[in-house]
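Worksheet: the structure to be examined is printed underneath.
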Amino acid sequence: MLKFIVLFLIIISPIFSWAQRYSFVEYSTARGLPQSQVTSIGQDKNGFLWVGTLGGLARFNGTQFKTYSNDDGLFNNKITFISTKNNEFWVGHEGGVSTFENNTFKNISLGPKAISAQVSSIISFQQSKIISTNGAGLFELKNQVIRAIPFNVPDGERIRDIVQYKSRFFIATRSGIYHTVDFKKFEILPNTEELSISDLKIKNDQLYACAYQDGLFRIQLDSYKLKSIDIPKEFAPRGLEITKDGSLWASSNNGILVLKKGKWETVNNENGLPIGDIRCVYQDDEHNIWLGSLGKGLIYFPGDLFVYFNTTSGLTSDLILNFNQHKNGSYVIGSYDQGILSYTNQFKTISNEN
């Protein structure tokens with residue numbers, strides 16, 4: 001029966017794209033998540049999904065969550081960043097970082113001046129780790145010793161992200177995008193001085209930047225030419241993800257915008273998203289899409305495969321028991337409380353007897 005349902009939805013969803021609703025799977029505290037505010041997501045070399053929340057860390061095997069807290073060696077329970085690159089596992093917190101080796105967590109403090117600063121990125125540089133924070137600037141971790149990196153730019157303590165392109169590093173701040181090769185000398189990217197950058201991503205020699213109040217931008221890394229990406233005016237993006245098929249996902253507190261093949265699609269409360277406030281989007285190695293929300297926990301998005309139809313889509317009932325396809329191509333749908341429905345170009349009632 002499942003394959004027929006999927007086929008039915010795939011066939012009719014293009015016709016009903018104006019009213020389609022997506023289906024989501026929610027993983028909340030009732031299903032084992034330590035807290036409902038998800039800030040970061042990552043996948044380790046063994047395929048486990050790690051979920052950072054403002055109340056602890058969780059490892060998900062596809063069925064169950066295993067939770068970790070400061071009792072297990074984490075610096076604290078407020079998780080702000082997860083990195084699983086290069087077969088390493090790092091966790092950023094408020095005021096410090098944790099690393100996971102040999103099934104054991106070890107934590108490192110950033111010092112008293114960063115006690116309330118949120119770690120926003122952890123990257124490798126030579127034999128060190130560079131740690132950026134939103135509140136206390138840049139730090140270098142080398143041989144288990146932390147030192148502050150001088151970053152004397154406007155709002156230099158407010159760093160939202162760092163990404164690497166070849167030998168150059170790009171730093172997102174409230175006063176534009178800076179770049180460096182040695183973390184000693186920093187230069188501003190042209191035409192970004194007035195932008196408050198919240199996230200950065202790199203794809204095909206292009207740098208994508210998300211600005212809180214100014215939208216999305218694409219920067220050619222060979223020329224540093226900046227170009228604005230047209231998005232709906234009412235949408236204020238704060239996070240970015242570029243999936244393996246090249247689609248651009250922009251998250252906000254009002255849902256998600258997805259740029260596929262040059263066309264924007266909106267995913268929000270109106271078409272099934274259980275909460276508008278999305279903190280992060282993550283695609284795992286199996287191409288599954290996961291959303292971190294501020295209030296509804298971890299959300300799995302099956303995408304276009306399953307589309308949800310209810311009374312707002314033209315059905316007269318939400319209680320559907322069965323359906324079949326007539327030889328002329330139309331569909332016949334049996335409901336619990338509104339009789340028999342049909343669908344060719346729209347939903348119609350054939351018989352309203354129970």
Side-chain angles (χ1 to χ4, degrees), residues 25-124 128-136 139-147 161-162 279-286 288 290-300:
V25 180
E26 298 178 45
Y27 296 91
S28 62
T29 54
R31 302 186 68 171
L33 204 62
Q35 207 259 0
S36 64
Q37 295 172 293
V38 174
T39 60
S40 49
I41 305 169
Q43 187 176 27
D44 66 20
K45 61 183 178 180
N46 298 313
F48 291 113
L49 199 70
W50 290 84
V51 184
T53 77
L54 297 183
L57 183 67
R59 188 185 72 181
F60 186 52
N61 64 5
T63 305
Q64 296 177 321
F65 289 98
K66 178 177 175 58
T67 60
Y68 300 87
S69 68
N70 53 352
D71 293 335
D72 300 294
L74 288 174
F75 182 78
N76 59 43
N77 292 337
K78 191 169 185 177
I79 314 299
T80 60
F81 178 79
I82 291 176
S83 174
T84 57
K85 295 179 180 179
N86 303 321
N87 292 330
E88 296 180 329
F89 185 21
W90 288 85
V91 180
H93 304 268
E94 190 175 72
V97 297
S98 301
T99 182
F100 189 56
E101 298 178 3
N102 300 320
N103 292 319
T104 302
F105 283 102
K106 298 179 181 179
N107 63 73
I108 302 167
S109 173
L110 297 179
K113 293 184 178 180
I115 192 169
S116 60
Q118 297 182 1
V119 171
S120 56
S121 182
I122 304 172
I123 62 172
S124 298
S128 306
K129 294 294 180 185
I130 303 297
I131 302 167
S132 66
T133 70
N134 192 348
F139 294 85
E140 180 187 31
L141 172 62
K142 187 174 183 179
N143 298 325
Q144 303 301 306
V145 177
I146 286 284
R147 76 170 184 91
D161 196 14
I162 301 179
R279 176 64 183 270
C280 58
V281 178
Y282 183 81
Q283 185 179 40
D284 65 23
D285 292 340
E286 291 74 37
N288 298 310
W290 302 88
L291 312 177
S293 75
L294 293 186
K296 287 288 187 177
L298 179 69
I299 302 172
Y300 170 56

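One-based numbering along the sequence shown. Just so we're clear, the structure is a prediction, and the values are computed from it rather than from any experiment.
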CG (Leu141) and CG (Leu110) are apart, to the nearest 0.5 Å, by 8.5 Å
* State, with a plain yes or no, whether a side-chain heavy atom of Glu140 is found less than 4.5 Å away from one of Ile146. => no
Backbone of Leu33 reached by a side-chain donor or acceptor of Thr29 within 3.5 Å:
no
Rounded to the nearest 0.5 Å, the CG atom of Leu49 sits from the CZ atom of Phe60 at a distance of 7.5 Å
Close side-chain approach of Arg147 to Lys142, heavy-atom, < 4.5 Å: no
Inset, instruction - Could you walk me through whether Lys129 and Glu88 pass the side chain to side chain contact (heavy atoms under 4.5 Å, CB included) test, one step at a time? - result: CA-CA 12 Å; Lys129 294 294 180 185; Glu88 296 180 329; 2.4 Å; yes
**Request:** Answer with yes or no whether the side chains of Ser132 and Ser120 bring together a donor and an acceptor at under 3.5 Å.
**Result:** yes
Between the OG atom in Ser83 and the CG atom in Asp44, the distance rounded to the nearest 0.5 Å is 12.0 Å
| When you measure from the side chain of Thr39 to the backbone N and O of Ile79, does any donor-acceptor pair fall under 3.5 Å? | yes
CD1 (Ile108) and NE2 (His93) are apart, to the nearest 0.5 Å, by 10.0 Å
Ser36-Lys296 side chain donor-acceptor pair, cut-off 3.5 Å: no
Check your understanding: Can you check whether Glu94's main-chain N or O pairs, donor with acceptor, with Thr80's side chain at less than 3.5 Å?
Key -> no
Exercise for the section: List the steps, then state whether side chain to side chain contact (heavy atoms under 4.5 Å, CB included) holds for Phe65 with Leu298. Expected result: CA-CA 11 Å; Phe65 289 98; Leu298 179 69; 4.1 Å; yes
What one should report as the nearest heavy-atom pair of Ala114 and Ala136 is CB-CB, 3.7 Å
All heavy atoms of Val25 vs all of Arg31, minimum pair found to be CG1-NH1, 3.8 Å
**OP:** Before giving the answer on side chain to side chain contact (heavy atoms under 4.5 Å, CB included), spell out for Arg279 and Gln37 the whole-Å C-alpha distance, their side-chain angles and the decisive distance to 0.1 Å.
**Re:** CA-CA 9 Å; Arg279 176 64 183 270; Gln37 295 172 293; over 6 Å; no
One should read off an interatomic distance between Phe89 CZ and Asn87 CG, to the nearest 0.5 angstrom, of 12.5 Å
CG (Asn76) and CG (Leu57) are apart, to the nearest 0.5 Å, by 11.5 Å
### Query
Under 3.5 Å, side chain of Asn107 to main-chain N/O of Gly73, donor-acceptor pair present?
yes
Is a side-chain N or O of Ser69 found less than 3.5 angstrom from the main chain of Asn77, in a donor-acceptor match? no
Between Thr67 and Gly32, the two heavy atoms sitting closest are CG2-O, 3.4 Å
Between Tyr282 and Trp50, ring centroids under 6.0 Å:
no
* Are the side chain of Asp284 and the backbone of Glu286 linked by a donor-acceptor contact shorter than 3.5 Å? -> yes
Inset, instruction - For side chain to side chain contact (heavy atoms under 4.5 Å, CB included), just list the numbers for Phe75 and Val97, CA-CA rounded to whole Å, side-chain angles, deciding distance to a tenth of an Å, and then say yes or no. - result: CA-CA 6 Å; Phe75 182 78; Val97 297; over 6 Å; no
